[in-house]
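Presented below is the structure to which this report refers.
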Amino acid sequence: MKKLVLAAASIVAVATLAGCSSKTVVSMKGGKITQDEYYKEMKKSTSGQSTLQTLIITKALENQYGSKVSKAKVTKEYNSFKKQYGTNFSSVLASNSLTASQLKENIRTNMLTEAALKANKKITSKKLAAQWKTYEPKVEVQYILSKTKADAEAVIKQLNAGEDFAKVAKAKSIDKTTKNNGGKLGTKFDDTDTSLNSDFKAAAFKLKTGEYTKTPVKTSDGYQVIRMINNPGKGKMSDHTADLKKRIYNTWLSDSTVMQQVLAKVIKKANVDIKDSDLKNVLSSYTSASSSAK
């Protein structure tokens, strides 16, 4: 949807040109280019057709789900982005060829899309149970990185003898970014984290608060000894239903097949009637998705 939104922001002229005849867009030596000429060329181009598709979808989303997305909600998300990037916010906008106003429009369209997804695709108990199987809560760890397995085993012997983990980390860890902070990773993580090694995460999730790995954990960086600072435990599925649903919906939002089927339903409900015969098939990918979803 990000690409879809950006397309709408970049070439909005196509929709308005359809209703114009021959006003001059460009005058130059040797002639001029009229709006009618420009429109004829644009509608033949992939970018022009994509923009029309985007405008149709955006208007349909606004009509059907606009009441679910308040201005306050958009502003709150916008301010969150602004706070996240701090003094770099303006340069981030510029690097993405966006103005503040366009970013707000993008946020609103993304929220409308999410509302459409939730209205048109419900989460089954089976899907919820499957998500629960892989669920792990946010945990906090510290670790000691060693170059060899033998070095890591020596570290474990020190810990087994009762030595303080933080002190051993400072003396033995080869990770310069964490050793002086007791080996603390610095951020909490859960099963959705993609920055950490999968073996590291798998070993960490098995630990209860206060426990450490009794055998070295091999990763691409070396051999790790991990200690769990805080693991709240999974608890009951009913305690995490909202979070589980949020994860599922986020996964679907990134799934082009799912979203194509959802938007196909939105388009069908909008009763779109394309007047220009040259553009009759501009929504064909969605009409076919609607048929396959039945």
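We use all heavy atoms of the structure for the numbers below, so side chains are in, but hydrogens, waters and symmetry mates are not.
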Query raised in the report: Do other residues, nucleotides or ligands put more than 12 heavy atoms under 6.0 Å from the NZ atom of Lys236?
Result: no
**Report entry** Beyond-backbone contact of Gln224 with Thr213, side-chain heavy atoms, under 4.5 angstrom
**Finding:** no
Query raised in the report: Tell me, which pairs form a side chain to side chain donor-acceptor pair (under 3.5 Å) where one or both residues lie in residues 174-194, sequence neighbours left out?
Result: Tyr143-Asp175, Asp175-Thr177, Asp190-Thr192, Asp190-Arg247, Asp191-Arg247, Asp193-Ser195
Query raised in the report: For Leu61 and Ala116, which heavy atoms make the closest approach, and how far apart are they?
Result: CD2-CB, 3.7 Å
Report task. Decide whether a cation-pi geometry holds between Lys214 and Tyr212; the criteria are a distance under 6.0 Å from NZ or CZ to the six-membered ring centre and an angle within 45° of the ring axis. Result -> yes
Query - Worked check of salt bridge (charged side-chain N to carboxylate O under 4.0 Å, His left out) between Lys32 and Glu37 - result: CA-CA 10 Å; Lys32 62 182 180 180; Glu37 289 174 319; over 6 Å; no
Report task. Tell me whether Tyr135 is reachable from Tyr249 by hopping between hydrophobic residues (I, L, V, M, F, W, Y) whose side-chain heavy atoms are closer than 4.5 Å. Result -> yes
Query raised in the report: Does Val139 share a hydrophobic cluster with Leu244, counting links as ILVMFWY side-chain heavy atoms below 4.5 Å and allowing steps through other members?
Result: no
Requested in this report: Measure the shortest side-chain to side-chain distance between Phe200 and Asp221 over non-hydrogen atoms and say whether it is less than 4.5 angstrom.
Outcome: no
Requested in this report: Indicate the atoms forming the closest heavy-atom contact of Lys133 with Lys234, along with that distance.
Outcome: O-NZ, 3.8 Å
**Report entry** Partners passing ring pair (Phe, Tyr, Trp, His ring centres under 6.0 Å) against Tyr65 (at least two apart in sequence or in another chain)
**Finding:** none
**Report entry** Flag, side chain of Thr51 to backbone of Ser47, donor-acceptor distance under 3.5 Å
**Finding:** yes
Report task. State yes or no: do Val155 and Leu145 share one hydrophobic cluster built from I, L, V, M, F, W and Y residues joined by side-chain heavy-atom distances below 4.5 Å, directly or via other members? Result -> no
Report summary line: The side chain to side chain contact (heavy atoms under 4.5 Å, CB included) partner of Lys201 among Leu196, Ile226, Val141 is Leu196
**Report entry** Interatomic spacing from CG in Asn231 to CD in Glu140 - rounded to 0.5 Å
**Finding:** 11.0 Å
Report task. Report the distance from atom CD1 of Ile57 to atom CD of Glu62, rounding to the nearest 0.5 Å. Result -> 14.0 Å
Query raised in the report: Is there a side-chain contact between Pro216 and Glu153 (heavy atoms, below 4.5 Å)?
Result: yes
Report task. Starting from the C-alpha separation in whole Å, work towards a yes-or-no answer on side-chain contact (heavy atoms from CB on, under 4.5 Å) for Ile56 and Tyr286. Result -> CA-CA 12 Å; Ile56 292 170; Tyr286 291 100; over 6 Å; no
Query raised in the report: Tyr38 and Val26: side-chain contact (heavy atoms from CB on, under 4.5 Å), yes or no, with the steps?
Result: CA-CA 10 Å; Tyr38 181 49; Val26 177; over 6 Å; no
Report task. Verify, without hydrogens or angle tests, whether Gln53 (side chain) and Val282 (backbone) share a donor-acceptor contact under 3.5 angstrom. Result -> yes
Query raised in the report: Hey, are the side chains of Leu253 and Asn110 touching, using non-hydrogen atoms and a 4.5 Å cut-off?
Result: no
Report summary line: Scanning both residues in full, the closest heavy-atom pair of Pro137 with Gly233 reads CG-O, 3.6 Å
Requested in this report: Examine distances only and state if a side-chain atom of Asn281 and a backbone atom of Ser284 form a donor-acceptor pair shorter than 3.5 Å.
Outcome: no
Query raised in the report: Short question: side chain of Arg108, backbone of Val69 - any donor-acceptor pair under 3.5 Å?
Result: yes
Query - Hydrophobic cluster membership, Leu279 vs Leu263, 4.5 Å side-chain cutoff - result: yes
Query raised in the report: Hey, what else clusters with Ile229 if you join Ile, Leu, Val, Met, Phe, Trp, Tyr whenever side-chain heavy atoms sit under 4.5 Å?
Result: none
Query raised in the report: Looking at Asn88 and Ser91, what are the two nearest heavy atoms and their distance?
Result: O-OG, 2.7 Å
Report task. Please check if the side chain of Thr58 supplies one atom and the backbone of Thr54 the other of a donor-acceptor pair under 3.5 Å. Result -> yes
Requested in this report: May I ask you to test the Ile156-Asn160 pair for a side-chain heavy-atom distance under 4.5 Å?
Outcome: yes
Query - Nearest-0.5 Å distance that lies between atom CD in Glu105 and atom OG1 in Thr99 - result: 7.0 Å
Requested in this report: Check whether any side-chain heavy atom of Arg227 lies under 4.5 Å from a side-chain heavy atom of Leu207, and answer yes or no.
Outcome: no
Query raised in the report: Rounded to the nearest 0.5 Å, how far apart are NZ of Lys147 and NZ of Lys172?
Result: 15.0 Å
Query - Expected output: side-chain Thr134 to main-chain Gln131 donor-acceptor under 3.5 Å - result: yes
Report task. Could you tell me how the ring of Phe205 sits relative to the ring of Phe189: parallel (under 30°), tilted (30 to 60°) or perpendicular (over 60°)? Result -> tilted
Query raised in the report: Do the ring planes of Tyr85 and Phe81 sit parallel (below 30°), tilted (30 to 60°) or perpendicular (above 60°)?
Result: parallel
Query - Lys218 to Tyr223 - nearest heavy-atom pair and separation - result: CE-OH, 3.5 Å
Query - CG on Leu52 to NZ on Lys43, rounded to 0.5 Å - result: 10.5 Å
Query raised in the report: Cluster question for you: counting only ILVMFWY and a side-chain heavy-atom cut-off of under 4.5 Å, with indirect links fine, are Phe165 and Met228 together?
Result: no
Query raised in the report: Between atom OG of Ser285 and atom CD1 of Ile267, what is the distance when rounded to the nearest 0.5 Å?
Result: 7.5 Å
Report summary line: What one should report as the nearest heavy-atom pair of Val168 and Gln158 is CG1-OE1, 4.1 Å
Query raised in the report: Does the Asn63 side chain pair with the main chain of Lys59, one donor and one acceptor, at a distance under 3.5 Å?
Result: no
Report task. In sequence, state the C-alpha distance, the side-chain angles, and the governing distance for Lys118 and Lys245, and then conclude on side-chain contact (heavy atoms from CB on, under 4.5 Å). Result -> CA-CA 10 Å; Lys118 290 179 178 179; Lys245 286 184 175 181; over 6 Å; no
Query raised in the report: Taking it one step at a time, do Thr124 and Lys122 satisfy side-chain contact (heavy atoms from CB on, under 4.5 Å)?
Result: CA-CA 6 Å; Thr124 63; Lys122 301 302 182 183; over 6 Å; no
Query raised in the report: Any side-chain heavy-atom pair from Leu283 and Ile274 closer than 4.5 angstrom?
Result: yes
